[in-house]
Structures are given as C-alpha cells and as structure tokens.
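Below: one structure, written as structure tokens.
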Amino acid sequence: MCGLAGWVSFRRDLTAYEDVARRMTETMACRGPDASGLWTSEHALLGHRRLAIIDIEGGRQPMTGADDAGSGDSPVITYTGEVYNFRELREELRTLGHTFHTSSDTEVVLRAYLEWGDRLAEHLNGIYAFALWDPRSRELLLVRDRMGVKPLYYYPTADGVLFGSEPKAILAHEEAEAVVDADGLSEIFSIVKTPGHAVFRGMHEVLPGTVLRFTRDGSDVRTYWKLTARRHTDDLDATVATVRTLLEDIVERQLFADVTVGTLLSGGLDSSAVTALAAASRARRGVREPVRAFSVDFTGHQERFRSNVQWEDPDTPFAVEVARHVGAEHIIVELANDDILDPRVRDAVLRAQDLPVSTGDMEYSLFLLCRVLKERMTVALSGEAADELFGGYTWFHSPEAVSLDTFPWHHPFEQAGGIGALRELGLWERLGLTAYVKRRYAEALAEVPRLAGETGHEARMREITYLNLTRWENFLLDRKDRISMAVSLEVRVPFTDHRLVEYVYNTPWAMKNFDGREKSLLRAAMRGLLPDSVLDRKKSPYPSTQDLTYERALRRMVADLLTPDAPVLRLVGENGVRGLLARPEGAYAVGGPWSARAVLERLVEFNTWVRAYDVRVDI
C-alpha cells in the first residue's frame, strides 16, 4: 500500500535538499516497512516507502519510465495503493507497443501515463494515490482514486508544492507550519469531513476522482470521475442479480496478491458478505486453505452488554456463525481495558491520524485488531461503504433525521449527547458550529447530481445517499486507512468499487428498501450465501466497550486536563469540563463517533495533539 512524499520547486535547485526529502519520506516508515527509495533531480524530489504486495522484487519505487536505451529524461512515479485491473491493462498496453520489465501494477500505471497522459486515471480500477513528475514538461501530477480511499495531501509554497500521503510528511518540511485556525477547529469538532479540507492552515487534500497539475505557471485541477444521476431500468430481480455478480467479480479481483489475504469480520451483514464472497472465490479457484477472518471483542462484553440506539446485540456470536457457515478460519482478538487504555496504544493511534478526530475506544481496538492481523497476513478485505451505499444507518430510516435541514447523522448523535456535550463546554457556540455545519451542508447539497423529474422522497434519499458517500464515508475511510497503515496492514474495501457505487447509487430507494428493512437490496443479493440469522440481523456498528471501568479511566484523564497550562482549556471553559465530569456514572457508557463519550475522548486527544505536534492554535 505504501507511502509517498515529495517536493517540487520551480525556482530552486533541489539536488542539495535530499536530506529534507528523506526526512519527509521517513515519517511514513510504518506505511512501507519493506523498502525505501528517493529520486532526485533539479526541480523535483520524490520519496517512497514500500509495503510489498505485488511483485515483491520488481516493484521498487520511485520508478522511472526509462526505455531500454536508458533515457534519463523520462517520467517518474511514486505510487501507493492497488489497481485491480492492472493485468488487463498490461495486456492492452503490450498490444500498443509497450514493453514491461516488472510484473508490478506500478509499472502499468506509469506506462498508462506514457500512453494516455493525464487521461490514464479513467482506465484504472482500484484504490490509489500517486505523484508523477514529467521532466519533459516540468509538471507534477497528483492523482487520487475515485472514492478517496487512499489519502494524498499537498501544501503549495511560493515556488512549488510539498506533498505526501499523510500530513506528517509535509509537516516535516520547515516551510510547512502546524497551524490550526477556527476553520480547522470547526472541521475537527463538527464531524463533517469536508472533501479537500486538511485542517492544518495552508494544507489541502487532493479531491477524490481528480488529477491536480502543478507547473511553473500555477496549478489546475481536472475531475475525471464523479457520481452522476441516470435512470435505473432493471427490475428488482435483475438488480439483485447484478449486485451479486458485481460483488463476486470485485472480491475476486481484490483477493489477488503475492502475500496472504484475509478479512475483517464483525458478524454484521457487510463484513460477513465480504468474507463469504472471499471463501466462495477461493473454493471456485480450488484453493484448499480457508480464508482467515478476524474479529474483535472485549473481555466480559457479552455479559455486560445492554442494547441502545446504536447496538442491539453483541457481534461475536454472529461472527462465529458466519465463519462456521463459510468454512473460514476464525480468529477472535479479545481485548481488556488495559489494552485500549495503554498510553502507547493511544499515542500510536493519535500519531497515525495526525489529528484528534476520535471515536475513542473504537479506534484503539481497531489498531490492536490490525496489529494482531498483521502478524498473520499483510492484506485484509473490509466492509466499509456498504451502509452508505445501500442505506444501512438508522438515519436513513428515521423520518425526523431525513427531514432535517442538515447532515442526517447529526440527529442520532444529538440524541446520544455529543452536541449537548459540546454546547455544555461552550465550544459549539465559540466555534460557530451551527453556521459552519449549515455552510458545509449547503455546499454538499449543491453538488448532488439529480435526476430530471425526480421529486419527493426519492429525490431526498438520493441527497441522503450522496451526503453519506461523500462526507460520512470520507471520515470512515480515512480512519481505516490511517490506523491499518500504522501497523503496515493494507485494507481493501470492495464496496467502494466505482462500478458498484455507480449502479447502486442510481437504484431507486424504493428498491433498496423494498421489504422495509435497511440494506434490503444487499440482503437479497447475499441470500443463500449467508445464514438467515445474519441476513435478518439489525444493523450493528463496529463494537464499542460498555465497561464502566473504561468510563472511569476516561473521566480521570479528563480531570487531569484541569491544569493552568492545559492547551485544551484555551478552547473550553473549566466549568464546562467540570460539568461534564459531574454527570452520573454510566452517562458515558455508550461510545460512538459523536456520543458524549467521544467528546471527552476528543478533549484528551486534542490536549496531547497540540503538545505532540507543537500545534499553534490561532483563533
């Protein structure tokens, strides 16, 4: 999966700055523990850290497009991710006269550029982000996959640009300042995840589905893919069959690797579908070894579990049943409170994300799950994006949430206490989050591709789906990438394949919800492959501990913030913090992205983040 970094300057000779590029690149050693590379020229420095997945020996980077004569004026690429159709593209490029020296997908991407220029991205199916420097035209291309699965950041300078897979790579350069203003703070605490917003002042994310070009004369952006509205002409049976066929092809493609591939299995519909499809693919190909499926659980969780607005039942029994049903080798990673409270774990997660955007114990347990998984394999398939695409969340099915003139996921989180906690702290008003969320919501609605003549509930559900796919999913994909790559694990996400996204996005809501259940269409597509108990189970988010001893430990960490030099007290009032701590025990038993407990987690992380990154807060 790898990590990239680099620096382009159109007015300086960068050959004297190799140490700077090396320092930027080495911040991402965890993204690529297998090899490191640096390419230097007068105006461009490209760095790469490699996690070897395909063509272990031949896929080293940065990679140049030199021909057999060894031309020194050829394009060079530093690339991260996977292109799942690279084998077909390689054969197509061979018929067009290209000669290949490796069996890596990186070389396919590079030669696709030599053939099609910046139109290469339209030919790629996968999750990727790459930087390509062309010495012939002295221009830099930054390219990101359609759904934004792989991250890519940039920071314009007076005479060029800095770029990297993560903000930490850019912040290792002396010209990039770790400054966060009111707009950045609003992004942190509003849980909107605006595309292109990088929180740090002056830094940006390359937008999903775009090619960003930098030349001596400036920069320009070209969108090569975005969601479009089109009429759905298939009936229900044909739609169910198409979804099943697409998923079978997608999972089979994503199982390809020169290393071991497994799955993340929660016991919910999405991860169970991926695991079952992976097991079926292996069986068709005659692979005897069972697919390995990994789950997480907390010590004593089933005994103390209480249902609530987000979780109806514990996951583990369903994960066990799915693994038995499909013949998977099932590994349960059981965590105790001490594991997720370990300061080393919490520090690793914060540094992995570069920001104090926290879902609390969910992130710490995910880190520990990925760390165990990495001991057994290098690649895992996960179920992200199915809820956003097929309509799995509670807010898709709540008339009140759907009718709100704001992001629909704010509704259940307001009920869970997150917005109330921010108001009690005075932070909601101080940052003007009502106005900020309203502005970002209006921007998002203006982007929605609409079908002529579509009105009423169908039109609104198209809007809700678009908001989820472009905002909420942004948050989840970024979290999964950062935490998994912190332990050098590549996570692939079949439900983000653009063919599936385009098809299901344009399927009418009445068909997605044909039997009155969440994700009706996906349930129907998986019928016969999964046990009925899982197919009929209510949507359940990633697990979160309900152990009161975790809540007590979190309260102690928040109480420790009440010191005169605590950075967080420059944002929130001491009385507000004391008010939250005065709530009765059990008030923070339920976690989740915007629960009141997550607000406490974010306060603790913010305090640590400002100190660890030497952040200047400018409000």
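Quick note: residue numbers are just sequence positions, from 1.
- Looking at Asp478 and Asn474, their side chains never come closer than 4.5 Å, going by heavy atoms from C-beta outward.
- The pair Arg482-Asp354 meets the salt-bridge criterion, since a charged nitrogen lies less than 4.0 angstrom from a carboxylate oxygen.
- Asp270 places a side-chain heavy atom less than 4.5 Å from the side chain of Lys519.
- Using a 30° and 60° split on the angle between ring planes, Trp225 and His498 fall in the perpendicular class, above 60°.
- Between Arg499 and Asp497, at least one side-chain nitrogen of the basic residue sits less than 4.0 Å from a carboxylate oxygen of the acidic one, meeting the salt-bridge criterion.
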For this session: Could you walk me through whether Trp428 and Phe189 pass the ring-ring contact (aromatic ring centres under 6.0 Å, His included) test, one step at a time?
Result: CA-CA 8 Å; Trp428 186 271; Phe189 286 98; over 10 Å; no

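- With hydrogens and angles left out, the side-chain atoms of Arg479 and Thr359 include a donor and acceptor closer than 3.5 Å.
- When only modelled atom types and interatomic distance are considered, Asp297 and Thr316 share a side-chain donor-acceptor pair under 3.5 Å.
- Ion pair Glu605/Arg602 not flagged as a salt bridge, since none of the NZ, NE, NH1 or NH2 atoms sits closer than 4.0 Å to an Asp/Glu carboxylate oxygen.
- For Glu384 and Ser382, the side-chain atoms include at least one donor-acceptor pair closer than 3.5 Å.
- Asp361 and Thr545 share no side-chain donor-acceptor pair at under 3.5 Å.
- Under 3.5 Å, the side chains of Asp118 and Tyr224 contain no donor-acceptor pair of N or O atoms.
- Aromatic ring orientation, Phe606 versus Trp609: tilted (interplanar angle from 30° to 60°).
- Side-chain contact of Glu388 with Tyr393: a donor-acceptor pair under 3.5 Å is present, judged by distance alone.
- None of Lys226, Arg471, Arg462 except one satisfies the salt bridge (charged side-chain N to carboxylate O under 4.0 Å, His left out) rule with Glu447; the exception is Arg471.
- Electrostatic pairing of Glu248 and Arg244 counts as a salt bridge here, judged by a charged N lying under 4.0 Å from a carboxylate O.
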For this session: Verify salt bridge (Lys or Arg N to Asp or Glu O under 4.0 Å) between Glu490 and Lys150, making sure each step is shown before the conclusion.
Result: CA-CA 11 Å; Glu490 174 182 299; Lys150 301 315 296 176; over 6 Å; no

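- Here the side chains of Phe130 and Arg144 are not in contact, with every heavy-atom distance at 4.5 Å or above.
- Taking all atoms of both residues into account, the shortest heavy-atom contact from Lys480 to Val491 is CG-CG1, 3.9 Å.
- A donor-acceptor contact closer than 3.5 angstrom is absent between the side chains of Gln353 and Glu166.
- For the 3.5 Å distance criterion, the side chains of His197 and Asp183 qualify, holding a donor opposite an acceptor.
- No side-chain N or O of Ser165 forms a donor-acceptor pair with one of Thr80 less than 3.5 Å apart.
- Here the straight-line distance linking atom CD1 of Ile191 with atom CG of Leu422 works out to 9.0 Å at 0.5 Å rounding.
- Between Glu122 and Arg222, at least one side-chain N (NZ, or NE/NH1/NH2) sits under 4.0 Å from a carboxylate O, which counts as a salt bridge.
- In summary, Arg523 and Asp532 do not engage in a salt bridge, as defined by a charged side-chain N under 4.0 Å from a carboxylate O.
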